[in-house]
2 protein chains.
Amino acid sequence: MEALVQKKTPRSTIADVAREAGVSKAAVSFAFNTPERLSTDTVTRIREIATGLDYRPDPVARMLAHRRTWTIGLLTPQGLDFIFTNPYFGEFSAGVATAAEAAGMSIQFISPLHGSLSRAIDRASVDGIIAVGLGVDHPEIDQIRRSRLPYVLIDSTALPDEPAIYVDDEGGARAAAAHLIELGHRSFVILGIEPPEAGSGTDPAWVSARRLSGYRSAAAEVGLDISDESVVTGPASMEGGAAALHRAWERGLRPTAVLAMSDAMAIGAMRAVREIGLRVPEDVSVVGFDDLDVAQYTNPPLTSVHQPNRAKGAEAVRIVLDGGRHGDPLASAQHHFTTHLVVRGSTASAPQLRQEVVDDGM
Amino acid sequence: MEALVQKKTPRSTIADVAREAGVSKAAVSFAFNTPERLSTDTVTRIREIATGLDYRPDPVARMLAHRRTWTIGLLTPQGLDFIFTNPYFGEFSAGVATAAEAAGMSIQFISPLHGSLSRAIDRASVDGIIAVGLGVDHPEIDQIRRSRLPYVLIDSTALPDEPAIYVDDEGGARAAAAHLIELGHRSFVILGIEPPEAGSGTDPAWVSARRLSGYRSAAAEVGLDISDESVVTGPASMEGGAAALHRAWERGLRPTAVLAMSDAMAIGAMRAVREIGLRVPEDVSVVGFDDLDVAQYTNPPLTSVHQPNRAKGAEAVRIVLDGGRHGDPLASAQHHFTTHLVVRGSTASAPQLRQEVVDDGM
DNA sequence: GCGGTTTAGCAAACCGGTTTAGCCGACCGT
DNA sequence: ACGGTCGGCTAAACCGGTTTGCTAAACCGC
C-alpha cells in the first residue's frame, strides 16, 4: 500500500518548471500561451525544461482559470447503452463531433446518472448544452435554463421562444404514407417510438405525435382512418421494431404496409415480416424514418424519410456556440430543416391477393 | 422595485451562499458533502439558501481540489465521425459506458484534435485511459505512459508487460475459414481492416494481421495457400466493405466465399455481391467478424465470429479503475477473451457451377 | 546625460471549490 | 470553581493554472 503510493511520482506542475528554470510561474505560463511576451531564448529554455520534466499543463486548472471548459454537452434522456448502439444517434453525434472539433471543442455525453438526469447535469462541466428528445414535461429543461448556459433543443416538443432545431416530421410522414397509398395500400401498421420516460405519450408536440399526425393526414385525404389500434410502440431499436411488429401480428393486424418511425425499427420489422413467413416488399411494404446510412445496405434497400442527421448536429453546435438564447435575435437560434422521401426497394404495390395467401399459409 | 437585473447574471458561487447564510465557505461545503459535521438546522438553512440562489457547485473547481475528474478517457486513433457511426465501437462504448456509470464515472472520447492525437491527449482531463486500436508504432502509447495515468490497451498490438485486453482473434478467424472450407469453398477473398494510420500494415501483431494468420492457418491445413492478392483492405465500414469487394472483383478475383474482418465490411460486401448480380449465400458465402447485434437482422442473417464487444468495454473499465499497471500484479491488469463462430444464413455450400453461371451472366 | 518609451519578467490576486488545524463556548464530573 | 471533552463552526492553506499591474533595466533621440 504505502510502497504503491511512493511509487507514484507526482506529476510536475507549473511551479516545478518555474523553479527548475529559475523564473516565475507567470513566465512559464507565458512561454506556452503568449511566447511573444518573453525573449525567445527564455521561451526555448523554459520549454526545454518543461519537456524534460514531462510537464503538461493541467487541463482542469486551466478550465478553472479561464472559466471555460471547451466542451459541449450532448444531453439525452436515454442511457448511454441505448445511445451508443442507436445508429440515428450515431449519425447525429458524428455531426456534432465534427462541427465541435472544427471549433476546437470536445463533447461530453450527459445522460441519466444512476437514473437521475438532473444529477448528471449538475456534474457536467460544459460550456453549452445540446438537448435531444426532451419533452415539455421534462423538468430538466428548466434546470438547463437555470444553469445559464447556452443551449439548444433537438427532436423536442415544439416550444415557442426556445432555441431549437425543427424538422418537418409531419411533412415527411405525410409523404411516406402518401407513397404507400399511391401504391394501393390501405391497411397499415404504424411502429411508434416509445418515449424514454412514461407520460410523454400524450404530448401533442412530441416527435412521435408529429409523425403520427403526418401519417394520418395523408390517410385522411383518401378518406382513410388510421385507428389507434394499428399503432404499436416500442423502443427505437431493431429489437424494438421486431417485437412491435410481432405484437401487432398477434393482435390480429394484417397490414400490407408498415410505417416505422425510425429506420432501426423498420429493419427490425423487416426481419419480423420474414419470420412470419412473408416477403418484403411483395407481401408487405416497409418504410422507415431517418434515412440512415444503413438504409442503403439492407436487403431490400429501405425506403425511408430522409432527414439531415449530421447537419442537424452541426447546426446545433453552431447555435450553442453562438450563445443559444443569449445570442441577439432568437431567430438566429432556431433552424428549420425539411424532409423528403427516398424510395428504395422495400416498398411495392399492394398485393391484391394478400388475404388469400396468408390464409393459405396459416 | 428592484434595480434592473443585468441580463447576464453571473452564476452564484460558494462564497455567495456563505455570505447570504452568514457562515463560512467551509460550512457550505460541509452542508453538501459531510452534513454530519454540522448541526441539522444549519444544514437545512444553508441548503435552502443555496437552492434559492440556484447554487450548483462548480464541477471544475471540485475536480481541481480533489485532483480527480471522475472521467475515463476512451482513446481512438480514428476521428469521432468514424467512431460514432461504427457499430462495433458503439457496442464497445456501450459496455464501457455502462460499467463507468455504475462506478459513478463519465467517459470522454479522446480522438485526434485537428489531426493530432497527441494534442487531444494533452487536453483531456481524465483519471484513466482506455486506448483502442493503438499499434506499437503509435508514439502516443508512450505519451500515455508518461502521463502517469492508469490505462489499458484494447485491440492493440500484443505487447508483453502492458495492461491490456486480448481477444483470440486468430482462433476466431481460423474457425471462420475452417467453416467455409468444410462447406467446400476453396476460393476466398479476404476483406482486411485498413489501419487508421499508414505504416501499421506490416505490424505482425496488429489485429488485422492476427486475423489474417488465423485464416491462413485454417487454409494451410488443407494445403491451401491464401495469396496476398486475394486480400483487399479498406476502412472497417459498410462502405469500405462494399468498395473493397468491388475492387477485388475488378481485379478479376472470383471467390466463392468472402472473409470479412468486420461485420460492417461484411454487410457492405453482401450488398456488393448483390450489385454484381449474385446471391448470398447461394453464389457467394460471406462471414463477418464481431457478431454485432445487427448481424441477426441482415438478410440473410450474417455468419460471424463472435467476440464479447460489451464485455470487453466493461472489463477495460475494471482494469483502469483498478489502477492499470499501477495496480499490484500486472496479471490482474490483463484479460483474455475467447471467440467462437456463430453460423447463420450467409454461408452455404460452395456452388459447383459458379464459374459457368458467372460466365453466362457477363 | 536626460526624460520617455520599450522590453522582460515578477509578485500577487484570482478562478471556486475542499480540507486541515484550531478556536470557542457549552456541558460534564468532581 | 476548575480542567477536560466535545460539538459546531471558521480561518487559511491548498489544488494548478492565468492574468493584471508594476518594476527595473535597456533603449531611444536629442
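Chain naming here is simple, since letters A, B, ... match the order of the sequence lines and numbering starts at 1 in each.
- Contact annotation for B:Tyr55: backbone-only contact, meaning every heavy-atom pair under 4.0 Å involves sugar-phosphate atoms and none involves a base.
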Which donor-acceptor pairs under 3.5 Å do the side chains of residues 92-103 of chain B make with protein atoms, sequence neighbours left out?
residue	atom	partner	partner atom	Å
B:Ser93	OG	B:Phe89	O	2.6
B:Thr98	OG1	B:Ala94	O	2.8
B:Glu101	OE2	A:His114	N	2.9

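- Using a 4.5 Å cut-off on side-chain heavy atoms (C-beta onward), A:Ile83 and A:Leu74 make no contact.
- For DNA chain D, the contact window with chain A, defined by any atom under 4.0 Å from a protein heavy atom, covers D:dG16 to D:dG21 in 5' to 3' order.
- For B:Arg123, the side-chain contact (heavy atoms from CB on, under 4.5 Å) test picks out A:Trp70, B:Leu113, with sequence neighbours left out.
- Taking A:Tyr55 as the reference, A:Phe32 meet the ring pair (Phe, Tyr, Trp, His ring centres under 6.0 Å) condition, with sequence neighbours excluded.
- A rotation axis mapping the C1' atoms of four pairs onto the next four is fitted at both ends of the helix from C:dG1-D:dC30 to C:dT30-D:dA1 over five pairs, and the angle between these axes is 40° to 10 degrees.
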Tell me, with the steps shown, if B:Asp322 and B:Arg318 meet salt bridge (charged side-chain N to carboxylate O under 4.0 Å, His left out). CA-CA 6 Å; B:Asp322 277 7; B:Arg318 206 223 77 217; 3.4 Å; yes

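- A:Arg119 and A:Asp122 are not joined by a salt bridge, as no carboxylate oxygen comes within less than 4.0 angstrom of a charged side-chain nitrogen.
- Remark: B:Gln143 CD is packed, more than 12 non-hydrogen atoms of other residues, nucleotides or ligands lying under 6.0 Å away.
- The main-chain N or O of A:Thr69 is found under 3.5 Å from a side-chain atom of A:Asp127 such that the two form a donor-acceptor pair.
- Side-chain N/O atoms of B:Gln108 and B:Thr71 include no donor and acceptor closer than 3.5 Å.
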Contact letters for nucleotides 5-13 of chain C, in which S counts primed atoms plus P, OP1 and OP2 and B counts the base, heavy atoms under 4.0 Å: ----BBB--

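- A:Thr13 comes within 4.0 angstrom of sugar-phosphate atoms only, judged by non-hydrogen atoms across all strands, and of no base.
- Using a 4.5 Å heavy-atom threshold, the side chains of B:Val317 and B:Ile107 count as separate.
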